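Every chain is numbered from 1 and lettered A, B, ... according to where its sequence line falls, protein lines coming before strand lines. Keep in mind that this is a model prediction, so the values were computed, not measured.
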Number of protein chains: 2
Amino acid sequence: MFPLNCVANCSALQDIDYKKTISLMDECRNVSPYLSAFKQQVEKMVVFDDEEWAIITTHLSLKTLGRKEHFVQSGEICKALGFIVTGSMRLYHIKDGTEKTSYFCTTNDFITSYKSFMKQEPSVSAIQALDDVLLITLEYNALQELLDNPVTARKMERFGRLLAEDLIFCYEDRMHGFITQTPEERYATLLHDNPSMLQQVPQHYLANYLGITATSLSRIRKRIFDTIKR
Amino acid sequence: MFPLNCVANCSALQDIDYKKTISLMDECRNVSPYLSAFKQQVEKMVVFDDEEWAIITTHLSLKTLGRKEHFVQSGEICKALGFIVTGSMRLYHIKDGTEKTSYFCTTNDFITSYKSFMKQEPSVSAIQALDDVLLITLEYNALQELLDNPVTARKMERFGRLLAEDLIFCYEDRMHGFITQTPEERYATLLHDNPSMLQQVPQHYLANYLGITATSLSRIRKRIFDTIKR
DNA sequence: TATTTTTCTTGTCTTATGTAAACGTTACAA
DNA sequence: TTGTAACGTTTACATAAGACAAGAAAAATA
């Protein structure tokens with residue numbers, strides 16, 4: 001297991017020094033010990049053979065983020081697609097100076113600021129670690145190389161398509177909830193479909209995700225749990 | 001120009017007879033006169049050469065829908081990806097017996113019930129024509145053939161990826177609106193970014209799209225236009 | 001352990017929204 | 001012309017949500 005605590009111990013360092021430290025540490029680190037979960041998730045979509053994996057692997061990097069560190073800042077270009085080996089993250093927007101969380105990712109999920117990454121333009125959203133996080137990353141240039149390489153091109157296009165489609169399915173469901181359900185129904189649905197998320201994530205983040213305020217979510221919870229008791 | 005009025009004139013016929021009529025009419029119709037707009041939109045994403053277009057074209061069909069006719073019904077498997085040559089359509093869900101519109105498409109847009117089409121499973125949403133509509137369609141099996149054909153496979157995978165990505169960009173923006181904006185701000189944004197849509201679409205559909213009731217939208221409009229007058 | 005920060009709940013007040021129903025207008029068909 | 005259906009607006013009323021503030025509880029940190 002990767003010693004995540006060594007990251008946490010550095011968290012008093014300033015942002016910039018800290019990042020340098022990590023990137024130097026990364027140089028010495030090989031992706032391979034953490035590849036199995038990554039391969040497993042990728043091969044749910046496309047099965048690559050050994051030759052292809054050999055190429056892909058050389059295009060991957062490891063990245064560690066301490067709690068509250070950013071994968072992308074708002075206004076920055078998102079440089080990589082991430083795969084979360086351990087930990088969890090949130091995606092948020094800034095509105096009137098306050099943060100609005102709109103998405104969560106956890107172990108075995110892929111994460112990126114999609115439009116920013118694919119178009120290499122400044123991101124409107126930021127992505128931040130909720131815990132200490134270990135990521136496998138695929139940088140934009142590395143992805144382009146895999147899409148250009150005749151050995152990997154065809155399957156990488158397909159992988160990209162299926163990854164995008166999964167995100168669409170997720171958005172379709174979520175949008176469906178916003179259009180057809182009340183905030184209370186959306187919370188109840190989440191409680192039913194994804195109870196683990198509710199325990200891992202601070203409520204005020206969750207409130208944003210549901211499109212309401214933290215105050216309102218607290219009252220919804222009270223309403224629901226009072227009803228259950230009765 | 002395609003004589004859409006001939007479709008409208010049949011609209012008194014029962015659903016099932018009507019559909020038969022149209023499908024018979026379709027047999028005699030060649031896609032080619034309507035291809036240019038389609039090609040233009042596709043080639044914003046991927047440029048196909050003549051040999052590839054020749055193959056693709058044989059996999060396309062034409063479909064006409066009269067006003068209020070359905071492209072997909074809720075619970076049905078969505079059989080095709082559509083490209084709107086003329087007309088406009090809406091996507092809606094049913095909640096407590098009432099319809100909730102969640103998406104609009106118009107000329108030069110691609111439309112499908114994504115999850116249903118890609119997984120060939122029953123659709124949770126329905127897609128209906130708002131006008132008389134002329135569509136170029138690509139059926140699921142035809143798409144699979146293009147993805148299997150070595151001549152077209154690589155570029156079709158890419159086309160699929162880029163089409164999916166465009167939809168993600170659209171969802172990202174929309175979700176951003178739901179998380180960070182009030183209904184009034186969402187309406188104002190739409191008024192600014194897409195004024196033509198507001199004029200083409202009935203307000204009660206628009207209200208659903210914004211996540212509010214028609215009553216509330218009417219009040220919002222009154223507030224906004226009163227403010228402008230002052 | 002003690003202290004600080006973050007998170008959650010509660011209360012009050014104000015405002016926006018949903019529901020349901022009524023009304024006027026328009027488009028279309030009988 | 002008349003009738004019907006669809007659409008947009010308005011009203012009254014009840015409810016829920018937002019803003020703001022205070023305090024409790026929990027978690028992170030020293």
Side-chain angles (χ1 to χ4, degrees), chain A residues 4-5 7-13 66-69 87-88 90 92 95-101 104 128-132 178-188 197-227 229, chain B residues 5 7-14 66-68 90 92 95-101 128-132 178-188 198-227:
Chain A
L4 280 172
N5 54 324
V7 175
N9 294 343
C10 307
S11 62
L13 294 172
R67 184 175 135 83
K68 300 215 172 181
E69 246 197 306
S88 53
R90 72 178 177 121
Y92 69 91
K95 166 80 186 295
D96 302 333
T98 61
E99 300 174 355
K100 302 279 186 177
T101 300
F104 302 101
Q128 187 188 44
L130 291 169
D131 309 308
D132 296 327
F178 272 104
I179 300 295
T180 64
Q181 295 182 308
T182 63
E184 186 160 337
E185 288 169 326
R186 289 203 289 279
Y187 178 76
M197 182 165 145
L198 303 209
Q199 293 175 328
Q200 290 169 359
V201 166
Q203 305 226 10
H204 60 290
Y205 291 162
L206 207 66
N208 296 161
Y209 177 85
L210 293 167
I212 56 178
T213 59
T215 310
S216 192
L217 176 56
S218 180
R219 285 192 273 244
I220 285 172
R221 284 162 52 83
K222 190 188 168 88
R223 274 203 300 272
I224 288 181
F225 296 130
D226 283 359
T227 308
K229 262 183 232 156
Chain B
N5 54 326
V7 175
N9 294 341
C10 308
S11 61
L13 293 172
Q14 289 202 354
R67 185 174 135 82
K68 302 218 171 179
R90 71 177 177 123
Y92 69 90
K95 165 80 186 293
D96 300 334
T98 61
E99 300 175 356
K100 303 279 186 177
T101 300
Q128 187 189 46
L130 291 171
D131 309 307
D132 295 328
F178 272 104
I179 300 295
T180 65
Q181 295 183 308
T182 63
E184 185 160 339
E185 287 169 327
R186 288 203 290 278
Y187 178 76
L198 303 210
Q199 292 175 330
Q200 291 170 359
V201 166
Q203 307 242 7
H204 59 289
Y205 292 163
L206 207 67
N208 296 160
Y209 178 84
L210 293 167
I212 56 179
T213 60
T215 310
S216 190
L217 176 56
S218 181
R219 286 191 278 239
I220 285 171
R221 282 163 54 83
K222 189 186 167 92
R223 275 202 302 269
I224 287 182
F225 296 130
D226 283 359
T227 310

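At least one side-chain heavy atom of A/Phe178 sits less than 4.5 Å from a side-chain heavy atom of B/Ile179. At least one side-chain heavy atom of A/Arg67 sits less than 4.5 Å from a side-chain heavy atom of A/Asp132. Side-chain contact between B/Arg223 and B/Ile220 is present, with heavy atoms from C-beta onward closer than 4.5 Å.
Atom CG of A/Asp131 is separated from atom C1' of D/dA27 by 14 Å (rounded to the nearest Å). Between B/Glu185 atom CD and C/dT17 atom C1' there is a gap of 16 Å when expressed in whole angstrom units. Between A/Leu198 atom CG and C/dT7 atom C1' there is a gap of 16 Å when expressed in whole angstrom units. Atom CG in A/Leu130 sits roughly 16 Å away from atom P in D/dA27 (whole-Å rounding). In this entry the distance linking CZ of B/Phe178 with P of D/dA17 reads 16 Å, nearest Å. Rounding to whole angstrom units, CG of residue B/Asp132 and P of C/dC28 are separated by 12 Å. Between the C1' atom of C/dA29 and the NZ atom of B/Lys68 lies a distance of 14 Å, rounded to the nearest Å. Between the CG atom of A/Asn208 and the P atom of D/dG18 there is a distance of 11 Å, rounded to whole Å.
Nearest heavy-atom pair across A/Gln128 and A/Lys68 is NE2-O, 3.0 Å. Listed here is the closest heavy atom pair of A/Asp131 and A/Ser88: OD2-OG, 2.8 Å.
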Distance-only check: which donor-acceptor pairs under 3.5 Å involve side-chain atoms of residues 198-215 of chain B, not counting sequence neighbours?
{"from": "B/Gln203", "atom 1": "OE1", "to": "B/Arg221", "atom 2": "NE", "distance (Å)": "3.2"}
{"from": "B/Asn208", "atom 1": "OD1", "to": "B/Thr101", "atom 2": "N", "distance (Å)": "3.0"}
{"from": "B/Thr213", "atom 1": "OG1", "to": "B/Ser216", "atom 2": "N", "distance (Å)": "3.1"}

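Between A/His204 and C/dT6 there is no side-chain polar atom (N or O) within less than 4.0 angstrom of OP1 or OP2.
By the salt bridge (charged side-chain N to carboxylate O under 4.0 Å, His left out) test, B/Arg90 pairs with B/Glu99, sequence neighbours left out. Annotation: side chain to side chain donor-acceptor pair (under 3.5 Å) contacts of A/Ser218 (sequence neighbours excluded): none. Judged as a salt bridge (charged side-chain N to carboxylate O under 4.0 Å, His left out), and not counting sequence neighbours, A/Lys222 has no contacts.
Axis orientation changes by 50° from one end of the helix from C/dT1-D/dA30 to C/dA30-D/dT1 to the other, with each end axis drawn from 5 pairs and the value rounded to 10°.
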I need a per-nucleotide contact map over nucleotides 9-16 of chain D, read 5' to 3'. Cutoff is protein heavy atoms under 4.0 Å; write B for the base, S for backbone only, - otherwise. SBBB----

